[in-house]
Amino acid sequence: MNKELESSIDFLKELNPAQQDAVKEIEGPVMIIAGAGSGKTRVLTYRIAYMLQHKIDAFHILSLTFTNKAAKEMRHRIEKVVGSEARNLWMGTFHSVFAKILRIEAEKLGYPKAFTIYDTDDAKKLLKTIIEEMALDSAVYKPNVIYNRISQAKNALIFPYEYYKDKEREASDQTSGMSKMGEIYTTYCQRCFKAGAMDFDDLLLKMYELLQKHPKTLEHYQHKFQYIMVDEYQDTNFSQYMILKMLAAVHHNICVVGDDAQSIYAFRGATIRNILNFNQEYPEMKTFKLEQNYRSTQTIVKAAGELIKKNKEQIEKNVWTENTEGDKIKIYKTLTDNEEGKLVADLIFDDKMQHQMYNKEFAILYRTNSQSRALEEALRKMNIAYRIYGGMSFYQRKEIKDLIAYLRLVLNPNDEISLDRVINYPVRGIGKTTMEKIRVMASEQNKSLWEIIDSNDLLKIGASGNKVREFVMLIKSFKAELSRKSAYDVAYRVAKESGILKDLYEDKTVEGMSRFENVEELLNGIKEFSQSKDESGEPITLDLYLQDIALLTDADKDVEGDDKVTLMTIHAAKGLEFPHVYLVGMEENLFPSQMALSSRNDLEEERRLFYVAITRAERKVTLSFADTRFRFGQLISNEPSRFLEELPAEYIHFMTPVKTNLPPRKFNLDQERHNFKPTSLKAQLGGHPKPLLPDINFKPLHKAQPTEATSFEADNTDTLEAGNHVEHQRFGKGLVAAMEGKGSERKAIIEFDQYGRKVLILRFAKLKIVE
DNA sequence: CTATCGCACTGTAGT
DNA sequence: AGTGCGATAG
């Protein structure tokens with residue numbers, strides 16, 4: 001036993017009795033119900049340290065988490081306690097660990113070792129081409145919907161051939177007019193297989209298939225993973241449950257940690273049943289409850305507790321704390337999202353001044369990523385540094401995906417999505433007609449696109465055949481380099497000789513330059529990566545790199561030590577804590593979200609989400625809602641969230657509507673026009689017609705659903721002129737503003753607050769189309 | 001086959 | 001808002 005381990009025995013004494021019991025019970029099935037802020041990660045960490053102390057080989061321990069961030073945090077903390085031993089642990093997300101295993105075992109399933117991992121965009125693109133090839137109506141068969149349905153099926157371990165064994169499923173497809181769903185699913189799986197590609201769900205499904213079909217392999221991994229730990233167990237789905245069941249079947253040493261109150265992924269197949277079923281699966285299991293909260297004030301713990309009591313389905317527990325009472329939860333009302341941003345920035349500024357706080361002690365949480373924009377603007381104006389997690393990832397950018405597609409293709413030429421992406425980028429004269437011919441041949445001969453263009457069939461293509469041949473040679477020449485050169489050298493050559501670097505370099509627009517820089521950044525990333533070694537000391541090859549980034553998001557490359565305010569969705573905040581938490585957008589239809597209510601009728605999950613948000617805070621929770629909220633120019637809410645009423649009155653404090661200290665100003669259209677500076681360089685150079693007023697997003701009325709907000713009373717809408725004052729059904733008085741666009745005149749109605757400042761804009765275009 | 005432009009669509013979360 | 005797609009001209 002090394003020194004680090006010895007010191008961790010002392011550390012046990014710092015745990016409370018419940019935590020200690022959970023740590024020491026290392027044999028047999030264990031379920032730990034861990035309330036919010038109850039020191040769960042600590043328990044998991046010491047549990048592993050305790051195992052190592054008791055001569056359990058790190059090689060036999062598997063520790064699974066849900067997100068990369070949690071995995072990283074866990075690895076970090078374990079390294080601190082147990083030192084270098086930690087390297088031998090199998091630790092990671094379900095997806096990354098299974099991807100690693102599938103790489104080793106790929107051939108047993110008929111996949112290439114360097115199989116491609118399709119992200120959601122890739123998968124939807126493939127679905128789109130399949131739907132087109134089947135000549136189905138893309139208005140009925142929406143790739144998005146199809147993708148989700150297939151995902152559901154896969155998570156429930158339903159294979160294509162048994163898709164319609166479930167009559168209920170068949171009926172539901174019938175009623176939604178998608179009777180070809182089963183066929184699409186079948187084709188999709190075949191195409192993925194032929195392309196040597198797996199989507200995210202396949203990483204689970206194929207893992208299951210592997211263990212199911214290959215008893216020897218199952219035995220091997222059962223022996224390897226004699227001790228299994230699962231974090232955030234409440235968020236596992238059926239396929240994960242089944243895989244765990246198989247892996248743990250021999251030794252029964254499975255420890256799951258979770259909190260049913262924090263289950264927020266039911267929408268994508270996670271099921272609370274996994275927790276509830278646990279003792280049926282393992283009757284000899286022991287349960288431990290961690291109920292003492294070390295994170296938050298009395299007020300926060302109690303308010304959150306009262307709130308979550310309203311949910312019917314849950315495991316009985318009583319979360320309590322010895323912490324101080326703390327401030328009440330404050331609730332602010334603002335007029336629009338921009339005002340809300342300003343308010344939050346102001347409040348953070350005040351907090352910082354009054355309490356000498358750092359930026360990093362604040363988090364602003366929201367329900368949807370799109371809410372970040374207004375907050376960003378406000379924080380920027382106040383010069384408060386912030387960092388946004390989630391949203392569009394670096395790896396989803398077009399230029400990044402392009403280069404990665406080349407790299408994927410080099411490793412796995414059958415990958416049709418990547419081939420499709422780059423065969424004519426940069427432009428090399430291989431157009432639609434040529435691709436169509438190749439597609440037809442591939443489908444007739446049941447071959448991949450690459451197999452066609454890498455064969456004599458190329459001769460049948462005609463004039464552009466030579467261009468295709470050149471492309472094939474190019475990819476092959478890259479492939480030849482693989483064994484001789486480092487990942488970085490190959491990647492750099494690809495970027496250069498494919499013409500990507502040149503193409504981007506020649507684009508001197510602001511966007512073009514930033515794209516070039518992004519590619520440079522990716523190459524630098526590959527360089528760093530290829531110089532590092534993996535756990536077994538082997539240099540990182542290109543396929544390992546691709547595997548790695550396929551499962552990575554922006555949020556994972558975090559910069560420690562930066563003093564920045566955190567902006568993220570509530571989902572992303574799970575497992576984190578901050579002294580002050582601002583939760584914005586507390587409106588009906590947004591939170592709880594319209595979708596959760598209409599499609600799944602799942603108010604309880606939204607409530608758990610609210611619970612998660614509040615319990616991130618150590619000392620202070622501030623909630624805010626806007627009087628009206630728009631999305632894509634349409635009103636989506638004008639009503640505070642029902643959750644605000646669910647908080648017991650004794651713990652909350654309604655603040656008066658915001659008073660800003662800006663001097664009142666009268667709105668003046670000419671002045672506004674004069675003040676308006678287009679933000680993008682392109683707009684300044686006159687690239688696009690821009691609205692003469694900032695913040696106006698026009699929406700053609702003839703397509704837009706007339707909402708309460710847009711159906712204002714005016715028979716003479718078509719004669720409205722800029723500067724006209726109009727009466728409006730719900731919002732009262734407004735002023736018409738105009739925008740000069742090409743071809744059509746566009747208008748908007750602007751409203752003012754009591755100071756005469758612009759607060760609300762209703763957007764219209766082509767008003768005369770109203771009938 | 002390519003470039004350009006206007007139009008339509010999007011819409012919860014993360015691997 | 002941003003982006004992808006399709007129509008159209010070159």
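In this text the structure is predicted, and so the values were computed from the model without any measurement.
Here the nucleotide nearest the side chain of A:T433, chosen from B:dG14, B:dG11, B:dC1, is B:dC1. Which of B:dG14, B:dT10, B:dT15 sits closest to the side chain of A:H571 comes down to B:dG14. When distances run from any side-chain atom of A:F200 to the nucleotides B:dA13, B:dT12, B:dT15, the shortest one goes to B:dT15.
Aromatic pair A:F267/A:H571: ring centres closer than 6.0 Å.
Residue ring and base: A:F267 counts as stacked with B:dA13 (centre distance below 5.5 Å, interplanar angle below 30°).
Here B:dT15 presents its C1' atom at 13 Å from CG of A:D122, a figure rounded to the nearest Å. Atom-to-atom, CG of A:N148 to C1' of B:dG11 comes out at 12 Å; the value is rounded to the nearest Å. Residue A:Y395 contributes atom OH, which lies 14 Å from atom C1' of B:dT15 at whole-angstrom precision. The distance from atom CD1 of A:I264 to atom P of B:dA13 is 12 Å, rounded to the nearest whole Å. Rounded to a whole Å, the CG atom of A:D503 is 13 Å from the C1' atom of B:dT2. Between A:K124 atom NZ and C:dT3 atom P the separation is 16 Å, expressed in whole Å. Whole-Å rounding puts the A:N155 CG to B:dA13 P distance at 17 Å. In this structure, OH of A:Y366 is placed 10 Å from P of B:dA13, rounded to the nearest angstrom.
Annotation: ring-ring contact (aromatic ring centres under 6.0 Å, His included) contacts of A:F516 (sequence neighbours excluded): A:Y505.
Other residues, nucleotides and ligands contribute more than 12 heavy atoms inside 6.0 Å of the NZ atom of A:K401.
Side-chain contact annotation: A:Y118 with A:D202, donor-acceptor N/O pair under 3.5 Å absent.
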What does the list of N/O pairs under 3.5 Å between the protein and nucleotides 5-8 of chain C look like, with a distance for each?
unit_1, atom_1, unit_2, atom_2, d
C:dC5, OP1, A:K128, NZ, 2.7

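A:Y265 comes within 4.0 angstrom of sugar-phosphate atoms only, judged by non-hydrogen atoms across all strands, and of no base. No engagement by A:A550 is indicated, since no non-hydrogen atom pair under 4.0 Å with the nucleic acid exists. Residue contacts for A:T120: at a heavy-atom cut-off of 4.0 Å it reaches a base atom on one of the strands shown.
Here the side chain of A:S263 pairs no donor or acceptor atom with the backbone of A:D260 at under 3.5 angstrom.
Where A:G429 and A:R367 each meet DNA chain B at their nearest nucleotide, the meeting point lying more 5' is that of A:G429.
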### Task
Go through the steps to decide whether A:Y425 and A:D503 satisfy the test side-chain hydrogen bond (donor to acceptor under 3.5 Å, both in side chains), and finish with yes or no.
CA-CA 9 Å; A:Y425 175 78; A:D503 190 68; 3.0 Å; yes
### Query
Can you check ring-ring contact (aromatic ring centres under 6.0 Å, His included) on A:F591 and A:F625, steps first, answer last?
CA-CA 10 Å; A:F591 191 25; A:F625 64 96; over 10 Å; no
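At B:dT15, none of the side-chain N or O atoms of A:S96 fall inside 4.0 Å of OP1 or OP2 (strictly under the cut-off). Within the structure, a side-chain polar atom (N or O) of A:N144 is placed less than 4.0 Å from OP1 or OP2 of B:dG11. Within the structure, every side-chain polar atom (N or O) of A:N424 is placed at least 4.0 Å from both OP1 and OP2 of B:dC1. Residue A:T368 places no side-chain N or O under 4.0 Å from the OP1 or OP2 atom of B:dG11.
With contacts defined as side-chain heavy-atom distances shorter than 4.5 Å, the pair A:K128/A:K125 does not qualify.
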